[in-house]
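Shown next, in structure tokens, is the structure this report addresses.
Below, chain A is the first sequence line, B the second, and so on; all start at residue 1. Computed from a predicted model, the values in this text were never measured in an experiment. Quick note: numbers below take in every heavy atom, side chains included, and nothing from hydrogens, waters or symmetry partners.
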2 protein chains.
Amino acid sequence: MEVTAYAKDCPSRQILDRIGDTWSVLIVVMLADGPQRYTALSKKIQGVSPKMLTQTLRGLERDGLIIRTVHAEVPPRVDYQLTELGQSLLGLVRALEQWAETHIEDVQRARVVYDNPGVKADYAYSAK
Amino acid sequence: MEVTAYAKDCPSRQILDRIGDTWSVLIVVMLADGPQRYTALSKKIQGVSPKMLTQTLRGLERDGLIIRTVHAEVPPRVDYQLTELGQSLLGLVRALEQWAETHIEDVQRARVVYDNPGVKADYAYSAK
DNA sequence: CCGCATCCTAGTGGATACTG
DNA sequence: CAGTATCCACTAGGATGCGG
């Protein structure tokens with residue numbers, strides 16, 4: 001997209017880039033209940049390729065949201081857990097879920113109305 | 001990305017797709033102070049192509065977040081304003097901005113540390 | 001077990017020129 | 001003024017096979 005000027009170094013944009021990333025959010029949520037191993041994550045998060053899983057985990061680690069721990073064992077064992085910062089982000093994600101659950105029906109109704117031009121809405125969307 | 005199973009119809013995912021979209025968020029913020037015309041938006045939102053602006057506006061309209069009003073004048077005048085739902089979403093965006101401003105420094109420090117393996121952090125990130 | 005390297009494709013989005 | 005149409009470049013991300 002290569003956005004301009006102020007968008008690049010804008011704190012909100014940087015956070016949005018992370019929040020907007022499907023896998024990142026899913027992983028953060030998965031780690032909510034405690035540390036998880038790589039394999040466990042790959043199983044729980046249906047449809048993620050190893051490539052994306054690793055890539056996303058690296059990104060989260062880089063941003064200080066999770067900690068990667070390698071246990072000196074054979075076979076190797078690695079687990080991931082949220083940092084305090086990650087926990088904090090989780091709070092934001094929860095707020096988002098909350099909003100989503102509260103308003104998703106409104107959104108879906110709006111879509112139906114929009115996609116069926118003939119159909120009259122039996123209620124109106126009011127401006128602010 | 002073509003995510004899986006539960007991710008598709010998950011309310012949070014649908015909202016995240018919108019929240020994660022750069023232009024959508026920018027437009028919502030731009031409309032915070034009241035209705036805006038197409039041209040005004042294109043000027044204020046540096047770097048957006050007409051294609052993306054229109055496309056994003058349509059998406060927001062479809063989701064019931066904004067209202068598009070065509071005034072029967074010559075030359076044509078169209079303006080966009082937030083719905084109540086859009087206002088509500090704006091609240092969520094503000095929360096996000098808040099979090100971003102509060103924690104962006106932590107994230108940036110984490111990145112520096114991560115990108116410079118040699119450098120020792122003079123503080124630690126603690127697990128939960 | 002954990003993950004990296006490579007290849008490859010499909011969709012996103014930018015630039016530009018044109019129209020009701 | 002407010003878009004649409006066309007073309008094209010880019011890159012995210014899936015598949016696969018190998019390495020520590």
- Message: Under the rule for side chain to side chain donor-acceptor pair (under 3.5 Å), what residues qualify as partners of Glu97(A), not counting sequence neighbours?
- Response: Arg94(A)
- Message: Expressed as a whole number of angstroms, how long is the span from Leu41(B):CG to dC1(D):P?
- Response: 14 Å
- Of residues 52-62 of chain B, the positions that come close to DNA chain C - non-hydrogen atoms, cut-off under 4.0 Å: Met52(B)
- From CH2 of Trp23(B) across to C1' of dG13(C) the rounded distance in Å is 10 Å
- Task: Spell out, as yes or no, whether a donor-acceptor pair under 3.5 Å connects the side chain of Thr56(B) to the backbone of Trp23(B).
- Result: no
- Task: Between protein and nucleotides 15-20 of chain C, map the contacts as a letter string: B base, S sugar-phosphate only, - none, heavy atoms under 4.0 Å, written 5' to 3'.
- Result: BB---B
- Protein-nucleotide distance (Lys44(B), atom NZ; dA2(D), atom P), rounded to Å: 14 Å
- Note on the structure: Hits for side chain to side chain donor-acceptor pair (under 3.5 Å) against Arg37(A), two or more places apart or cross-chain, chain-then-number order -> none
- Query: To the nearest Å, how far apart are His71(B) NE2 and dG3(D) P?
  - Reply: 11 Å
- Item | Working for side-chain contact (heavy atoms from CB on, under 4.5 Å), residues Val78(A) and His71(A) | CA-CA 6 Å; Val78(A) 180; His71(A) 299 271; over 6 Å; no
- Message: So, OP1 or OP2 of dA2(D): does either fall under 4.0 Å of a side-chain N or O from Arg37(B)?
- Response: yes
- Message: Do Tyr38(A) and Thr54(A) pair up side chain to side chain, a donor and an acceptor below 3.5 Å, judged on atom types alone?
- Response: yes
- Query: Sequence neighbours excluded, which residues qualify as side-chain contact (heavy atoms from CB on, under 4.5 Å) partners of Lys43(A)?
  - Reply: Thr39(A)
- Separation of dG3(C) C1' from Ile27(A) CD1 (nearest whole Å): 14 Å
- Hey, is the main chain of Leu65(A) close enough, under 3.5 Å, to the side chain of Thr83(A) for a donor-acceptor pair? yes
- Query: So do Val112(A) and Gln108(A) actually touch side chain to side chain, heavy atoms under 4.5 Å?
  - Reply: no
- Task: List for me each residue that meets side-chain contact (heavy atoms from CB on, under 4.5 Å) alongside Gln98(A), sequence neighbours excluded, and say none if there are none.
- Result: Thr102(A)
- Query: Hey, does the side chain of Tyr80(B) come within less than 4.0 Å of dG3(D)'s phosphate (OP1/OP2), counting only N and O?
  - Reply: yes
- Item | side-chain N/O Arg68(B) vs dG3(D) OP1/OP2, d < 4.0 Å | yes
